[in-house]
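Please read these numbers as outputs of a predicted model, since none were measured by experiment.
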Amino acid sequence: MLAEKGEVDLRLPVTLPAPVDSSQPASSTMLLLFSLFQGSIRVTPSVQPPPQPVSLPRNMSVSQTMEDSCELDLVYVTERIIAVSFPSTANEENFRSNLREVAQMLKSKHGGNYLLFNLSERRPDITKLHAKVLEFGWPDLHTPALEKICSVCKAMDTWLNADPHNVVVLHNKGNRGRIGVVIAAYMHYSNISASADQALDRFAMKRFYEDKIVPIGQPSQRRYVHYFSGLLSGTIKMNNKPLFLHHVIMHGIPNFESKGGCRPFLRIYQAMQPVYTSGIYNVQGDSQTSICITIEPGLLLKGDILLKCYHKKFRSPARDVIFRVQFHTCAIHDLGVVFGKEDLDEAFKDDRFPEYGKVEFVFSYGPEKIQGMEHLENGPSVSVDYNTSDPLIRWDSYDNFNGHRDDGMEGRWDQWTPVPLQTAPPRTQGLGSLV
(Lines give C-alpha, C1' and ligand atoms only; values in the text may rest on other atoms or scores of the structure.)
Protein backbone atom coordinates (compact mmCIF):
# COMPACT_ATOMS: atom_id res chain seq x y z
CA MET A 1 0.00 0.00 0.00
CA LEU A 2 1.39 3.39 -0.96
CA ALA A 3 1.78 5.93 1.77
CA GLU A 4 -0.68 8.78 1.78
CA LYS A 5 0.64 12.24 1.14
CA GLY A 6 2.45 13.50 4.21
CA GLU A 7 2.97 10.02 5.66
CA VAL A 8 6.30 8.31 6.21
CA ASP A 9 6.53 5.34 3.85
CA LEU A 10 7.70 2.45 6.02
CA ARG A 11 7.48 -0.31 3.48
CA LEU A 12 11.27 -0.17 3.64
CA PRO A 13 12.90 -0.73 7.05
CA VAL A 14 13.68 2.22 9.27
CA THR A 15 17.37 3.06 9.10
CA LEU A 16 18.95 1.36 12.09
CA PRO A 17 22.46 1.42 13.57
CA ALA A 18 24.94 -0.73 11.66
CA PRO A 19 26.64 -3.61 13.51
CA VAL A 20 29.77 -2.64 15.34
CA ASP A 21 33.10 -3.56 13.76
CA SER A 22 34.90 -5.83 16.20
CA SER A 23 38.14 -3.97 15.49
CA GLN A 24 36.70 -0.86 17.12
CA PRO A 25 37.76 -0.08 20.70
CA ALA A 26 35.22 -0.28 23.47
CA SER A 27 34.74 3.47 23.48
CA SER A 28 33.53 3.30 19.86
CA THR A 29 30.95 0.73 20.85
CA MET A 30 29.68 3.03 23.55
CA LEU A 31 29.38 5.75 20.93
CA LEU A 32 27.07 3.45 18.97
CA LEU A 33 24.68 3.22 21.90
CA PHE A 34 24.61 6.96 22.38
CA SER A 35 24.36 7.62 18.65
CA LEU A 36 20.86 6.18 18.95
CA PHE A 37 19.78 9.52 20.35
CA GLN A 38 21.07 11.74 17.54
CA GLY A 39 18.37 14.12 16.41
CA SER A 40 16.12 13.57 19.41
CA ILE A 41 18.15 14.49 22.49
CA ARG A 42 16.29 16.54 25.06
CA VAL A 43 17.62 16.59 28.59
CA THR A 44 15.04 15.27 31.02
CA PRO A 45 15.07 16.34 34.67
CA SER A 46 14.02 13.82 37.29
CA VAL A 47 10.25 13.95 37.80
CA GLN A 48 8.31 12.17 40.52
CA PRO A 49 5.35 10.01 39.42
CA PRO A 50 1.90 11.51 39.87
CA PRO A 51 0.02 10.74 43.08
CA GLN A 52 -2.93 9.27 41.19
CA PRO A 53 -2.79 6.57 38.49
CA VAL A 54 -2.90 7.83 34.92
CA SER A 55 -6.22 7.23 33.17
CA LEU A 56 -5.27 5.41 29.97
CA PRO A 57 -7.56 5.33 26.93
CA ARG A 58 -9.30 2.05 26.24
CA ASN A 59 -10.77 1.17 22.87
CA MET A 60 -14.27 -0.16 23.26
CA SER A 61 -14.52 -1.49 19.69
CA VAL A 62 -12.63 -4.62 20.75
CA SER A 63 -15.43 -7.11 21.11
CA GLN A 64 -16.46 -8.42 24.51
CA THR A 65 -16.25 -11.91 23.04
CA MET A 66 -12.52 -11.51 22.50
CA GLU A 67 -12.01 -10.29 26.05
CA ASP A 68 -14.10 -13.11 27.50
CA SER A 69 -12.17 -15.75 25.55
CA CYS A 70 -8.83 -14.48 26.94
CA GLU A 71 -7.44 -14.92 23.44
CA LEU A 72 -6.32 -11.31 23.30
CA ASP A 73 -4.70 -8.81 25.64
CA LEU A 74 -4.79 -5.27 24.20
CA VAL A 75 -3.43 -2.53 26.44
CA TYR A 76 -2.71 1.13 25.86
CA VAL A 77 0.51 1.24 27.87
CA THR A 78 0.61 4.96 27.09
CA GLU A 79 -1.51 7.04 24.73
CA ARG A 80 0.97 6.28 21.93
CA ILE A 81 2.28 2.79 22.77
CA ILE A 82 -0.12 -0.12 22.43
CA ALA A 83 0.64 -3.71 23.45
CA VAL A 84 -1.25 -6.50 21.67
CA SER A 85 -0.54 -9.99 22.97
CA PHE A 86 -1.96 -13.42 22.19
CA PRO A 87 -1.18 -16.58 24.18
CA SER A 88 0.93 -19.21 22.42
CA THR A 89 -1.95 -21.65 22.88
CA ALA A 90 -4.46 -19.42 21.09
CA ASN A 91 -6.71 -21.30 18.72
CA GLU A 92 -5.51 -20.57 15.17
CA GLU A 93 -8.98 -19.74 13.86
CA ASN A 94 -9.72 -17.40 16.76
CA PHE A 95 -6.25 -15.90 16.48
CA ARG A 96 -6.76 -14.97 12.83
CA SER A 97 -10.21 -13.59 13.57
CA ASN A 98 -8.87 -11.48 16.43
CA LEU A 99 -6.01 -10.29 14.24
CA ARG A 100 -8.55 -8.95 11.73
CA GLU A 101 -10.60 -7.22 14.44
CA VAL A 102 -7.50 -5.61 15.93
CA ALA A 103 -6.45 -4.38 12.47
CA GLN A 104 -9.89 -2.88 11.88
CA MET A 105 -9.84 -1.17 15.28
CA LEU A 106 -6.36 0.27 14.75
CA LYS A 107 -7.27 1.59 11.29
CA SER A 108 -10.52 3.15 12.49
CA LYS A 109 -8.89 4.83 15.49
CA HIS A 110 -5.43 5.71 14.17
CA GLY A 111 -5.75 5.55 10.38
CA GLY A 112 -2.34 5.34 8.76
CA ASN A 113 -0.57 6.67 11.84
CA TYR A 114 0.29 3.37 13.48
CA LEU A 115 3.40 1.24 12.99
CA LEU A 116 3.29 -2.40 14.08
CA PHE A 117 6.39 -3.99 15.58
CA ASN A 118 6.12 -7.76 15.31
CA LEU A 119 8.08 -9.33 18.17
CA SER A 120 7.08 -12.91 17.28
CA GLU A 121 7.80 -15.12 14.30
CA ARG A 122 6.98 -13.77 10.85
CA ARG A 123 3.43 -14.38 9.62
CA PRO A 124 2.14 -13.43 6.17
CA ASP A 125 -1.32 -12.59 7.56
CA ILE A 126 0.21 -9.86 9.76
CA THR A 127 1.85 -8.10 6.83
CA LYS A 128 -1.34 -8.41 4.78
CA LEU A 129 -3.51 -6.83 7.47
CA HIS A 130 -1.22 -3.92 8.33
CA ALA A 131 0.33 -1.40 5.96
CA LYS A 132 3.44 -0.77 8.05
CA VAL A 133 5.17 -3.66 9.82
CA LEU A 134 8.70 -3.94 11.20
CA GLU A 135 9.96 -7.45 11.98
CA PHE A 136 11.91 -7.70 15.21
CA GLY A 137 10.97 -11.22 16.30
CA TRP A 138 12.99 -13.54 18.51
CA PRO A 139 12.16 -16.90 20.20
CA ASP A 140 9.59 -16.92 22.96
CA LEU A 141 10.83 -16.87 26.58
CA HIS A 142 14.24 -15.64 25.38
CA THR A 143 15.89 -12.25 25.31
CA PRO A 144 16.79 -10.51 22.05
CA ALA A 145 20.31 -9.59 21.05
CA LEU A 146 21.56 -6.38 22.66
CA GLU A 147 21.87 -4.83 19.21
CA LYS A 148 18.22 -5.65 18.51
CA ILE A 149 17.12 -3.88 21.69
CA CYS A 150 19.03 -0.80 20.52
CA SER A 151 17.45 -1.02 17.06
CA VAL A 152 13.88 -1.39 18.39
CA CYS A 153 14.25 1.67 20.63
CA LYS A 154 15.70 3.76 17.80
CA ALA A 155 12.91 2.68 15.41
CA MET A 156 10.21 3.48 17.99
CA ASP A 157 11.70 6.88 18.69
CA THR A 158 12.06 7.68 14.99
CA TRP A 159 8.40 6.87 14.33
CA LEU A 160 6.98 8.62 17.39
CA ASN A 161 8.96 11.79 16.69
CA ALA A 162 7.95 11.89 13.01
CA ASP A 163 4.36 12.95 13.80
CA PRO A 164 2.59 13.70 17.10
CA HIS A 165 -0.31 11.49 15.95
CA ASN A 166 1.89 8.45 15.31
CA VAL A 167 1.46 5.45 17.61
CA VAL A 168 3.47 2.25 18.08
CA VAL A 169 1.81 -1.17 18.26
CA LEU A 170 3.85 -3.98 19.86
CA HIS A 171 2.53 -7.34 18.63
CA ASN A 172 3.37 -10.60 20.34
CA LYS A 173 2.13 -14.18 20.32
CA GLY A 174 3.40 -16.07 23.33
CA ASN A 175 4.70 -15.04 26.73
CA ARG A 176 4.38 -11.28 27.32
CA GLY A 177 8.04 -11.14 28.37
CA ARG A 178 8.96 -10.05 24.83
CA ILE A 179 6.75 -6.99 25.13
CA GLY A 180 8.16 -6.37 28.60
CA VAL A 181 11.74 -6.25 27.33
CA VAL A 182 10.82 -3.60 24.74
CA ILE A 183 8.73 -1.52 27.13
CA ALA A 184 11.39 -1.57 29.85
CA ALA A 185 14.20 -0.79 27.40
CA TYR A 186 12.29 2.09 25.84
CA MET A 187 11.46 3.39 29.31
CA HIS A 188 15.18 3.71 30.04
CA TYR A 189 15.86 5.08 26.56
CA SER A 190 13.17 7.75 26.87
CA ASN A 191 14.44 8.71 30.29
CA ILE A 192 17.45 10.14 28.46
CA SER A 193 15.94 11.23 25.15
CA ALA A 194 12.41 12.40 25.99
CA SER A 195 11.06 15.68 27.27
CA ALA A 196 9.85 16.40 30.79
CA ASP A 197 6.20 16.33 29.77
CA GLN A 198 6.59 12.60 28.97
CA ALA A 199 7.30 11.73 32.60
CA LEU A 200 3.76 10.36 32.94
CA ASP A 201 4.42 8.05 30.00
CA ARG A 202 7.54 6.71 31.66
CA PHE A 203 5.60 6.12 34.86
CA ALA A 204 2.92 4.27 32.89
CA MET A 205 5.57 2.10 31.20
CA LYS A 206 7.16 1.34 34.57
CA ARG A 207 3.79 0.40 36.07
CA PHE A 208 2.94 -1.85 33.11
CA TYR A 209 6.32 -3.59 33.29
CA GLU A 210 6.21 -4.17 37.05
CA ASP A 211 2.56 -5.23 37.20
CA LYS A 212 2.20 -7.34 34.06
CA ILE A 213 5.69 -8.49 33.06
CA VAL A 214 7.96 -8.98 36.08
CA PRO A 215 5.84 -11.84 37.52
CA ILE A 216 6.03 -13.81 34.23
CA GLY A 217 9.37 -12.73 32.75
CA GLN A 218 12.56 -14.77 32.55
CA PRO A 219 15.76 -13.83 34.47
CA SER A 220 17.76 -13.36 31.25
CA GLN A 221 15.20 -10.84 30.01
CA ARG A 222 15.64 -8.80 33.16
CA ARG A 223 19.43 -9.17 32.82
CA TYR A 224 19.43 -7.68 29.33
CA VAL A 225 17.23 -4.78 30.40
CA HIS A 226 19.79 -4.17 33.15
CA TYR A 227 22.62 -4.30 30.57
CA PHE A 228 20.84 -1.80 28.34
CA SER A 229 20.09 0.58 31.19
CA GLY A 230 23.62 0.31 32.55
CA LEU A 231 25.26 0.95 29.19
CA LEU A 232 23.08 4.01 28.62
CA SER A 233 23.78 5.45 32.05
CA GLY A 234 27.44 4.49 32.08
CA THR A 235 27.17 2.35 35.22
CA ILE A 236 28.23 -0.70 33.17
CA LYS A 237 31.64 -0.33 31.57
CA MET A 238 32.24 -2.10 28.27
CA ASN A 239 34.53 -5.15 28.30
CA ASN A 240 36.24 -5.57 24.92
CA LYS A 241 38.57 -8.45 25.86
CA PRO A 242 38.06 -11.89 24.31
CA LEU A 243 36.79 -14.48 26.77
CA PHE A 244 37.49 -18.19 26.61
CA LEU A 245 35.15 -20.55 28.46
CA HIS A 246 36.89 -23.52 30.10
CA HIS A 247 34.51 -24.90 32.72
CA VAL A 248 30.78 -24.94 33.45
CA ILE A 249 30.15 -26.20 36.98
CA MET A 250 26.67 -27.09 38.19
CA HIS A 251 26.59 -26.97 42.00
CA GLY A 252 23.68 -29.07 43.21
CA ILE A 253 22.39 -31.97 41.11
CA PRO A 254 18.88 -31.56 39.65
CA ASN A 255 16.48 -34.49 39.99
CA PHE A 256 15.27 -35.28 36.49
CA GLU A 257 15.29 -39.07 36.89
CA SER A 258 12.89 -41.09 39.03
CA LYS A 259 15.78 -42.26 41.23
CA GLY A 260 17.38 -38.83 41.33
CA GLY A 261 20.15 -37.31 39.28
CA CYS A 262 20.17 -36.33 35.63
CA ARG A 263 21.89 -36.86 32.28
CA PRO A 264 22.94 -33.33 31.30
CA PHE A 265 24.56 -32.05 28.14
CA LEU A 266 25.29 -28.49 27.00
CA ARG A 267 24.52 -26.57 23.84
CA ILE A 268 26.25 -23.19 23.50
CA TYR A 269 25.14 -20.57 20.96
CA GLN A 270 26.79 -17.37 19.83
CA ALA A 271 24.46 -14.94 18.07
CA MET A 272 21.90 -17.82 18.12
CA GLN A 273 24.24 -20.07 16.11
CA PRO A 274 25.45 -23.32 17.76
CA VAL A 275 29.18 -23.29 18.48
CA TYR A 276 29.58 -26.14 20.97
CA THR A 277 27.88 -29.36 22.09
CA SER A 278 29.17 -31.35 25.05
CA GLY A 279 29.02 -35.04 25.71
CA ILE A 280 26.19 -36.52 27.78
CA TYR A 281 27.03 -36.83 31.48
CA ASN A 282 25.40 -39.52 33.61
CA VAL A 283 25.09 -38.24 37.19
CA GLN A 284 23.47 -40.07 40.09
CA GLY A 285 21.70 -37.81 42.54
CA ASP A 286 23.45 -39.13 45.67
CA SER A 287 26.91 -39.62 44.16
CA GLN A 288 27.92 -36.01 43.48
CA THR A 289 27.34 -32.58 44.95
CA SER A 290 28.45 -30.92 41.72
CA ILE A 291 29.25 -31.69 38.10
CA CYS A 292 31.92 -30.03 35.96
CA ILE A 293 31.79 -29.87 32.17
CA THR A 294 35.25 -28.98 30.87
CA ILE A 295 35.96 -27.48 27.46
CA GLU A 296 39.56 -27.76 26.28
CA PRO A 297 40.97 -25.84 24.56
CA GLY A 298 38.88 -22.95 25.83
CA LEU A 299 35.91 -21.83 23.74
CA LEU A 300 36.17 -18.29 22.39
CA LEU A 301 32.98 -16.34 23.12
CA LYS A 302 32.10 -12.84 21.99
CA GLY A 303 28.80 -10.94 22.03
CA ASP A 304 25.38 -12.45 22.76
CA ILE A 305 25.74 -15.91 24.30
CA LEU A 306 23.07 -18.50 25.04
CA LEU A 307 23.89 -21.61 27.03
CA LYS A 308 21.31 -24.35 27.38
CA CYS A 309 21.67 -27.37 29.60
CA TYR A 310 19.45 -30.28 28.61
CA HIS A 311 18.55 -33.55 30.31
CA LYS A 312 18.52 -36.52 27.94
CA LYS A 313 15.73 -38.78 29.08
CA PHE A 314 16.68 -42.40 29.74
CA ARG A 315 15.58 -44.74 26.95
CA SER A 316 13.38 -42.04 25.44
CA PRO A 317 13.79 -39.92 22.28
CA ALA A 318 13.15 -36.71 24.19
CA ARG A 319 15.00 -34.06 26.15
CA ASP A 320 14.08 -31.53 28.84
CA VAL A 321 15.62 -28.14 29.53
CA ILE A 322 17.38 -28.11 32.91
CA PHE A 323 18.31 -24.45 32.68
CA ARG A 324 18.99 -21.75 30.14
CA VAL A 325 21.04 -18.59 30.57
CA GLN A 326 21.80 -15.67 28.26
CA PHE A 327 24.49 -13.05 28.77
CA HIS A 328 26.59 -10.60 26.78
CA THR A 329 30.37 -10.73 27.05
CA CYS A 330 30.59 -6.92 27.05
CA ALA A 331 29.21 -6.98 30.60
CA ILE A 332 31.47 -9.78 31.91
CA HIS A 333 34.42 -8.37 33.84
CA ASP A 334 35.32 -11.30 36.10
CA LEU A 335 36.87 -14.60 35.04
CA GLY A 336 34.54 -16.42 37.42
CA VAL A 337 30.80 -15.78 37.07
CA VAL A 338 28.10 -17.46 39.18
CA PHE A 339 24.38 -17.61 38.39
CA GLY A 340 22.09 -18.63 41.24
CA LYS A 341 18.83 -20.49 40.71
CA GLU A 342 16.97 -17.18 40.59
CA ASP A 343 19.20 -16.13 37.67
CA LEU A 344 18.57 -19.20 35.49
CA ASP A 345 15.75 -19.32 32.95
CA GLU A 346 13.35 -22.23 33.43
CA ALA A 347 15.23 -23.50 36.50
CA PHE A 348 14.17 -20.53 38.66
CA LYS A 349 10.65 -21.95 38.86
CA ASP A 350 11.46 -25.70 38.58
CA ASP A 351 11.28 -27.72 41.80
CA ARG A 352 13.58 -30.33 40.27
CA PHE A 353 16.44 -27.82 40.41
CA PRO A 354 17.64 -27.49 44.05
CA GLU A 355 17.00 -24.20 45.81
CA TYR A 356 20.68 -23.89 46.72
CA GLY A 357 21.74 -24.80 43.17
CA LYS A 358 23.91 -22.51 41.10
CA VAL A 359 25.95 -22.59 37.89
CA GLU A 360 29.53 -21.32 37.73
CA PHE A 361 31.41 -20.26 34.59
CA VAL A 362 35.22 -20.22 34.55
CA PHE A 363 36.80 -18.01 31.85
CA SER A 364 40.30 -16.96 30.87
CA TYR A 365 41.81 -14.59 28.32
CA GLY A 366 43.37 -17.40 26.26
CA PRO A 367 42.50 -20.89 24.98
CA GLU A 368 45.27 -22.65 26.91
CA LYS A 369 44.33 -24.99 29.75
CA ILE A 370 44.07 -23.23 33.11
CA GLN A 371 46.57 -24.67 35.55
CA GLY A 372 45.64 -25.64 39.10
CA MET A 373 42.02 -26.62 38.33
CA GLU A 374 42.43 -30.36 38.93
CA HIS A 375 40.08 -30.15 41.90
CA LEU A 376 37.19 -29.62 39.47
CA GLU A 377 37.51 -33.12 37.99
CA ASN A 378 34.42 -35.31 38.39
CA GLY A 379 34.45 -38.45 40.52
CA PRO A 380 34.59 -41.98 39.09
CA SER A 381 30.80 -42.37 39.40
CA VAL A 382 30.27 -39.85 36.58
CA SER A 383 30.33 -41.35 33.11
CA VAL A 384 30.35 -39.39 29.85
CA ASP A 385 28.95 -40.46 26.48
CA TYR A 386 30.74 -38.59 23.72
CA ASN A 387 28.63 -40.10 20.94
CA THR A 388 27.02 -36.80 20.04
CA SER A 389 25.94 -38.04 16.63
CA ASP A 390 22.62 -38.97 18.27
CA PRO A 391 19.97 -36.92 16.37
CA LEU A 392 18.40 -35.98 19.71
CA ILE A 393 21.59 -34.12 20.60
CA ARG A 394 22.08 -32.67 17.12
CA TRP A 395 18.71 -31.15 16.29
CA ASP A 396 18.50 -27.43 16.75
CA SER A 397 15.12 -25.80 17.18
CA TYR A 398 16.19 -22.18 16.52
CA ASP A 399 16.48 -22.86 12.80
CA ASN A 400 12.71 -23.42 12.86
CA PHE A 401 11.87 -20.11 14.52
CA ASN A 402 10.28 -18.46 11.49
CA GLY A 403 8.73 -21.74 10.43
CA HIS A 404 5.90 -21.19 12.93
CA ARG A 405 7.61 -23.23 15.63
CA ASP A 406 9.90 -21.75 18.24
CA ASP A 407 12.05 -23.00 21.07
CA GLY A 408 9.29 -22.74 23.63
CA MET A 409 8.39 -26.31 22.67
CA GLU A 410 10.67 -29.20 23.56
CA GLY A 411 9.86 -32.77 22.69
CA ARG A 412 10.75 -35.52 20.27
CA TRP A 413 13.74 -34.96 18.02
CA ASP A 414 11.99 -36.53 15.03
CA GLN A 415 9.55 -33.61 14.96
CA TRP A 416 12.41 -31.35 13.89
CA THR A 417 15.02 -31.10 11.15
CA PRO A 418 18.55 -31.81 12.46
CA VAL A 419 21.37 -29.43 11.66
CA PRO A 420 25.03 -30.41 11.33
CA LEU A 421 26.74 -30.87 14.67
CA GLN A 422 29.48 -28.47 15.63
CA THR A 423 31.30 -29.79 18.68
CA ALA A 424 33.77 -26.92 18.82
CA PRO A 425 34.07 -23.50 17.17
CA PRO A 426 36.43 -23.11 14.22
CA ARG A 427 39.82 -22.02 15.50
CA THR A 428 39.83 -19.28 12.85
CA GLN A 429 36.54 -17.68 13.85
CA GLY A 430 36.60 -13.93 14.35
CA LEU A 431 35.74 -11.99 17.42
CA GLY A 432 32.33 -10.99 16.07
CA SER A 433 30.65 -7.76 17.09
CA LEU A 434 29.98 -6.58 20.59
CA VAL A 435 26.36 -5.73 19.88
Problem set entry | Charged N-O contact under 4.0 Å between Asp201 and Arg80 | no
Exercise. Do Ile305 and Ile268 have side chains that get closer than 4.5 Å, going by heavy atoms?
Worked result: yes
For this session: Could you check if a side-chain atom of Leu72 sits within less than 4.5 angstrom of a side-chain atom of Val84, using non-hydrogen atoms only?
Result: yes
Seminar exercise, completed: When rounded to the nearest 0.5 Å, the distance separating CG of Asn166 from CG of Leu160 is 7.0 Å
Exercise. Between Lys173 and Glu92, is the closest basic N to carboxylate O distance under 4.0 Å?
Worked result: yes
Exercise. Does the Lys237 side chain pair with the main chain of Leu231, one donor and one acceptor, at a distance under 3.5 Å?
Worked result: no
For this session: May I have the step-by-step check of side-chain contact (heavy atoms from CB on, under 4.5 Å) for Val362 and Leu335, ending in yes or no?
Result: CA-CA 6 Å; Val362 179; Leu335 296 180; over 6 Å; no
Problem set entry | Check: His333/Asn239 side-chain N/O donor and acceptor closer than 3.5 Å | no
For this session: Start with the C-alpha gap between Tyr276 and Tyr269, add the side-chain angles, then the distance that decides, and say whether ring pair (Phe, Tyr, Trp, His ring centres under 6.0 Å) holds.
Result: CA-CA 7 Å; Tyr276 178 81; Tyr269 304 78; over 10 Å; no
Problem set entry | Check against side-chain contact (heavy atoms from CB on, under 4.5 Å), Val169 and Phe117 | CA-CA 6 Å; Val169 180; Phe117 287 67; over 6 Å; no
Exercise. So, Ser151 side chain and Glu147 main chain: donor-acceptor pair closer than 3.5 Å or not?
Worked result: yes
Problem set entry | Pairwise distance CE(Met187) to CD1(Ile81) - rounded to 0.5 angstrom | 11.0 Å
Seminar exercise, completed: Rounded to the nearest 0.5 angstrom, the CZ-CG distance for Phe86 and Leu74 is 8.0 Å
Exercise. Hey, do the aromatic rings of Phe327 and Tyr224 have their centres closer than 6.0 Å?
Worked result: no
Problem set entry | Worked check of side-chain hydrogen bond (donor to acceptor under 3.5 Å, both in side chains) between Asp157 and Tyr186 | CA-CA 9 Å; Asp157 205 55; Tyr186 190 69; 3.0 Å; yes
Exercise. In Å, rounded to the nearest 0.5 Å, how long is the span from CZ of Phe339 to CG of Asp345?
Worked result: 10.0 Å
For this session: Taking atom types as modelled, find out whether Thr277 and Arg267 have a side-chain donor-acceptor pair closer than 3.5 angstrom.
Result: yes
Exercise. Taking C-beta and beyond as the side chain, do Phe314 and Glu257 meet within less than 4.5 Å on heavy atoms?
Worked result: yes
For this session: May I ask you to check whether Lys308 and Tyr310 show a side-chain donor-acceptor distance below 3.5 Å?
Result: yes
Exercise. With a 4.5 Å limit on heavy-atom distance, are the side chains of Ile82 and Val75 in contact?
Worked result: no
Exercise. Are Glu296 and Lys369 within salt-bridge range, i.e. N to O under 4.0 Å?
Worked result: no
Exercise. Looking at Arg176, Arg178, Arg222, which one forms a side chain to side chain contact (heavy atoms under 4.5 Å, CB included) with Ile213?
Worked result: Arg176
Exercise. Should the pair Lys341-Asp350 be classified as a salt bridge under the 4.0 Å nitrogen-to-oxygen rule?
Worked result: no
Problem set entry | Contact check, side chains of His130 and Tyr114, non-hydrogen atoms, under 4.5 Å | yes
Problem set entry | Donor-acceptor contact present, side-chain Glu346 to main-chain Arg324, <3.5 Å | no
Seminar exercise, completed: To the nearest 0.5 Å, atom CG of Asp320 lies from atom NE2 of His311 at 6.0 Å
Exercise. Under 3.5 Å, is there a donor-acceptor pair linking the side chains of Tyr398 and His142?
Worked result: yes
For this session: Could you tell me whether the side chains of His251 and Ser290 share a donor-acceptor contact shorter than 3.5 Å?
Result: no
Exercise. Do Tyr365 and Phe244 touch side chain to side chain, with heavy atoms closer than 4.5 Å?
Worked result: no
